[in-house]
Amino acid sequence: MKTVTFSQDLDELWEEHDINKDGWLNKAEAKKFIDKLVQGLDFERAKNYNPENFEKVFEEFDENKNDQLTKGEMATLIKKVFANSWKST
């Protein structure tokens, strides 16, 4: 398993974690995706994510509440959570 760097193509990371190749990430796939992403982030960004809050984060950004994230939903999650602009509602 290779380590992700922030500059790694997120499409490549997505493909790696979309195990069933349906174009969405379910909760298990999304958790592994985020965990891998965090490994490659600098400390200042990585500290903004608490793995214990995964369920809450996932639910917040799953806009259509289908228990899957689109690439767009994941992009929004990454931008907001890792920029520390996400506040749970």
Side-chain angles (χ1 to χ4, degrees):
M1 185 150 78
K2 60 185 174 180
T3 302
V4 66
T5 61
F6 195 69
S7 63
Q8 180 183 6
D9 182 3
L10 290 178
D11 283 334
E12 181 181 321
L13 187 61
W14 182 275
E15 290 299 319
E16 180 181 332
H17 289 84
D18 182 12
I19 302 302
N20 58 4
K21 305 301 181 208
D22 62 358
W24 306 71
L25 294 185
N26 63 33
K27 282 186 182 180
E29 293 167 336
K31 180 159 183 14
K32 290 176 182 176
F33 178 99
I34 292 170
D35 290 346
K36 184 79 171 266
L37 180 65
V38 168
Q39 291 175 13
L41 293 176
D42 61 78
F43 176 75
E44 288 303 311
R45 289 184 188 187
K47 74 177 184 177
N48 293 326
Y49 173 69
N50 180 346
E52 293 177 12
N53 292 334
F54 171 77
E55 289 287 330
K56 193 170 201 168
V57 169
F58 186 94
E59 290 172 15
E60 180 86 17
F61 292 95
D62 179 15
E63 294 174 7
N64 57 359
K65 308 303 180 205
N66 66 348
D67 288 327
Q68 300 181 84
L69 295 179
T70 65
K71 284 185 180 181
E73 289 168 337
M74 182 62 82
T76 301
L77 182 156
I78 292 168
K79 288 175 189 172
K80 296 202 181 258
V81 171
F82 294 107
N84 200 24
S85 63
W86 175 71
K87 302 295 182 227
S88 175
T89 55

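Between the D42 side chain and the R45 main chain, a donor and an acceptor come within less than 3.5 Å of each other. Side-chain atoms of E29 come within 3.5 Å of backbone atoms of N26 as a donor-acceptor pair (strictly under, hydrogens ignored). Counting only distance, with no hydrogens or angles, the side chain of D35 and the backbone of Q39 share no donor-acceptor pair below 3.5 Å. Under the 3.5 Å distance criterion, the side-chain polar atoms of K31 are left unmatched by any main-chain donor or acceptor of E55.
The shortest non-hydrogen separation linking F58 to A30 is CE1-CB, 3.7 Å.
Residue K32 places its NZ atom among 12 or fewer non-hydrogen atoms of other residues, nucleotides or ligands, all under 6.0 Å distant.
T70 is not listed as a side-chain neighbour of N64, based on a closest heavy-atom distance of 4.5 Å or more. Within the 4.5 Å cutoff, side-chain heavy atoms of I34 are placed close to those of L77. Looking at L25 and E73, their side chains never come closer than 4.5 Å, going by heavy atoms from C-beta outward. For the pair Q68 and D22, the minimum side-chain heavy-atom distance is below 4.5 Å.
Classified by interplanar angle (parallel below 30°, tilted 30° to 60°, perpendicular above 60°), the ring pair F82/Y49 is tilted.
Considering D18, N66, L69 as possible partners of W24, the one that fulfils the side-chain contact (heavy atoms from CB on, under 4.5 Å) test is N66.
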Inset, instruction - For D11 and K71, run salt bridge (Lys or Arg N to Asp or Glu O under 4.0 Å): C-alpha distance rounded to whole Å, both residues' side-chain angles, the deciding distance at 0.1 Å, then the answer. - result: CA-CA 9 Å; D11 283 334; K71 284 185 180 181; 3.1 Å; yes
Inset, instruction - For N48 and L41, run side-chain contact (heavy atoms from CB on, under 4.5 Å): C-alpha distance rounded to whole Å, both residues' side-chain angles, the deciding distance at 0.1 Å, then the answer. - result: CA-CA 11 Å; N48 293 326; L41 293 176; over 6 Å; no
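Between K36 and E16 there is a salt bridge, since at least one side-chain N of the basic residue sits less than 4.0 Å from a carboxylate O of the acidic one.
Summarising the geometry, atom CZ belonging to F33 is positioned 5.0 Å from atom CE belonging to M74; distances are rounded to the nearest 0.5 Å.
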